[in-house]
Undergrad: 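I'd like to ask you about the structure that follows.
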2 protein chains.
Amino acid sequence: MGVLILCQDHGSHHKGSCRCAGMQMGRFMQPCLLLLLHRQSTHGYELMQQLEEFGFASSEIDPGTTYRHLRKMEDERLVRSRWETEQGGPAKRLYEITAEGEEILHAWAVTINFNKQRLEKFLEQYQSQFQEPTNKKGEP
Amino acid sequence: MGVLILCQDHGSHHKGSCRCAGMQMGRFMQPCLLLLLHRQSTHGYELMQQLEEFGFASSEIDPGTTYRHLRKMEDERLVRSRWETEQGGPAKRLYEITAEGEEILHAWAVTINFNKQRLEKFLEQYQSQFQEPTNKKGEP
DNA sequence: CCCCCATATATGGATATTGCCTATATAGAA
DNA sequence: TTCTATATAGGCAATATCCATATATGGGGG
């Protein structure tokens, strides 16, 4: 007992079900995709690569999940797409953000800011419970 | 079109399926419970109330979900419980964190810190795309 | 030519997680 | 007695996620 199975390396953390820590950040992919599309219209495959910028490890990014997010957002009119067949290679679907998508992106920013504060609050409490007791001893 | 249905108030944000923003923070409840139990052993009902400290709105906290997290963590030996029937009122299950639970809590802290940085990275990019263009205009 | 690889998109299936509703029980207040 | 607060728990449908796999195009090596 007492062996800590730290099956994540915090950059490409664990998959599947396991006892160890790991928040589900899957839905966080949506605002990231919207932000990338606001920067520049592009297609799914390139978006997947650009997601690494937001801490999605390449090993963590599942094409199925990514494309499903994009299609779901298209159903919701947050993005729009058209086929791009002019260039060589397999046909690609060019995505662009809609006005509605931009509005949702603003809502996401508020939520993300709120959640950032929740994480900060947790870390602050964590540190005060595990690190400050040592300090308290040191300063009489 | 263009009407933003902001169905969350960011403190007790939306439930169920909707098009608007909302990251799933459900699993974040686990480290919060562990941290609270590290502070003091107590029972599920009180933990639910203490969760508000970490941004869980009282309307958002579902007893079913909370107790399920606790039982799951007990299966995983992260917490331990015993029935408390001495006091009046309905029997309560007193939970305490285990050594294993404390180790997992440390792993959670690393993950949460990592995720905090992801959110910060997003917000930074968001601001540079939506707020800085105005500044650029203002400074020649 | 054939095979393999990178690019690009998409689907199926098993499992995990969540939200919501409801059931159970105790005890005190109205 | 009925209502409310305390306290825990289960069922079920909807979602989400992970993983494997399928499809197609075109380039390079042998």
Side-chain angles (χ1 to χ4, degrees), chain A residues 7-8 12-30 33 41-51 56-76 79 81-95, chain B residues 7-8 12-30 33 41-51 56-76 79 81-95:
Chain A
C7 70
Q8 55 189 341
S12 97
H13 64 269
H14 82 285
K15 296 197 171 193
S17 131
C18 103
R19 216 189 39 158
C20 87
M23 215 183 317
Q24 285 186 229
M25 295 290 283
R27 217 181 155 195
F28 177 57
M29 193 188 279
Q30 279 191 27
L33 290 170
S41 296
T42 182
H43 53 97
Y45 197 83
E46 197 172 302
L47 285 166
M48 275 195 281
Q49 297 168 330
Q50 292 175 338
L51 278 175
F56 291 90
S58 52
S59 65
E60 186 194 0
I61 298 174
D62 172 54
T65 303
T66 312
Y67 289 115
R68 261 191 278 246
H69 275 304
L70 285 168
R71 264 174 292 140
K72 185 164 184 284
M73 289 198 291
E74 187 157 24
D75 288 344
E76 294 165 349
V79 299
S81 79
R82 60 174 190 278
W83 283 104
E84 177 70 70
T85 46
E86 293 160 31
Q87 298 163 34
K92 53 186 74 169
R93 209 187 259 283
L94 267 182
Y95 282 99
Chain B
C7 69
Q8 55 188 342
S12 97
H13 63 271
H14 80 285
K15 295 196 172 195
S17 131
C18 104
R19 216 190 38 159
C20 86
M23 216 183 316
Q24 284 186 228
M25 295 289 282
R27 218 179 156 198
F28 177 57
M29 193 188 280
Q30 280 191 26
L33 290 170
S41 295
T42 182
H43 52 98
Y45 197 85
E46 198 173 300
L47 285 166
M48 274 195 282
Q49 296 168 330
Q50 292 175 338
L51 278 175
F56 291 90
S58 51
S59 65
E60 185 194 1
I61 297 174
D62 171 55
T65 304
T66 311
Y67 288 114
R68 257 191 293 247
H69 278 303
L70 286 168
R71 266 173 289 140
K72 186 164 184 283
M73 289 198 291
E74 187 158 24
D75 288 345
E76 294 165 350
V79 300
S81 80
R82 61 175 188 277
W83 283 104
E84 177 70 68
T85 47
E86 293 159 33
Q87 297 164 34
K92 55 186 72 167
R93 211 185 258 284
L94 267 181
Y95 281 99

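None of these values were measured; they are calculated from a predicted model. Order of the sequence lines fixes the chain letters, A, B, ..., with proteins taken first and strands second; residue numbering starts at 1 for each chain.
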Undergrad: Of the non-hydrogen atoms in A:Tyr67 and A:Tyr45, which two are nearest, and what is the gap between them?
TA: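 Between these two residues, the closest heavy atoms are OH-N, 3.5 Å.
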Undergrad: D:dT8, C:dT9, D:dA16: which one has an atom nearest the side-chain heavy atoms of A:Arg27?
TA: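 Nearest listed nucleotide: D:dA16.
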Undergrad: To the nearest angstrom, how far is A:His43 atom NE2 from D:dT25 atom C1'?
TA: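 Atom NE2 in A:His43 sits about 14 Å away from atom C1' in D:dT25.
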Undergrad: Nearest whole angstrom, please: distance from the C1' of C:dT18 to the CZ of B:Phe56.
TA: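 Rounded to the whole Å, the gap is 13 Å.
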Undergrad: Rounding to an integer number of Å, can you tell me how far A:Trp83 CH2 sits from C:dT9 P?
TA: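 These atoms are roughly 7 Å apart.
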Undergrad: Nearest whole angstrom, please: distance from the C1' of D:dT4 to the OH of B:Tyr45.
TA: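 That distance rounds to 10 Å.
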Undergrad: For A:Pro90 and for B:Gly44, locate the closest nucleotide of DNA chain D by heavy-atom distance; then report the residue assigned to the nucleotide nearer the 5' terminus.
TA: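 That would be B:Gly44.
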Undergrad: Is there a donor-acceptor contact under 3.5 Å from the side chain of B:Glu84 to the main chain of B:Ala91?
TA: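 No.
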Undergrad: What integer distance in Å separates A:Phe28:CZ from D:dT17:C1'?
TA: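 After rounding, the gap between these two atoms is 17 Å.
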Undergrad: So do the side chains of A:Tyr95 and A:Thr42 get within less than 4.5 Å of each other, counting heavy atoms only?
TA: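 No, too far: nothing below the 4.5 Å cut-off.
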Undergrad: Kindly point out which of D:dT8, C:dT9, D:dG10 is positioned nearest to the side chain of B:Arg71?
TA: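 In terms of side-chain proximity for B:Arg71, the closest of D:dT8, C:dT9, D:dG10 is D:dG10.
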Undergrad: Between A:Tyr67 and B:Arg68, which has a closest nucleotide on DNA chain C that is more 5'?
TA: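 Per heavy-atom nearest nucleotide, the more 5' residue is A:Tyr67.
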Undergrad: B:Ile61 CD1 to C:dC21 P: how many Å, rounded?
TA: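 These atoms are roughly 17 Å apart.
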Undergrad: Do side-chain atoms of B:Gln30 reach the backbone of B:Met73 as a donor and acceptor pair under 3.5 angstrom?
TA: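 Such a contact is absent between B:Gln30 side chain and B:Met73 backbone.
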Undergrad: Are OP1 or OP2 of D:dA16 and a side-chain N or O of A:His69 less than 4.0 angstrom apart?
TA: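 Checking D:dA16 against A:His69, no side-chain N or O comes under 4.0 Å of OP1 or OP2.
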Undergrad: Which residue in the set A:Glu76, A:Glu74, A:His69 passes side-chain hydrogen bond (donor to acceptor under 3.5 Å, both in side chains) when paired with A:Lys72?
TA: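 Checked A:Glu76, A:Glu74, A:His69 against A:Lys72; only one passes side-chain hydrogen bond (donor to acceptor under 3.5 Å, both in side chains): A:Glu76.
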Undergrad: In whole angstrom, what separates A:Gln30's CD from D:dT17's C1'?
TA: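 After rounding, the reported distance stands at 13 Å.
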Undergrad: When you measure from the side chain of B:Asp62, which nucleotide among C:dC21, D:dA9, C:dT18 comes out closest?
TA: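 Within the option list, the nearest is C:dC21.
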Undergrad: Can you check the A:Glu46 CD to C:dA8 C1' distance for me, whole Å?
TA: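 A:Glu46 atom CD is separated from C:dA8 atom C1' by 12 Å.
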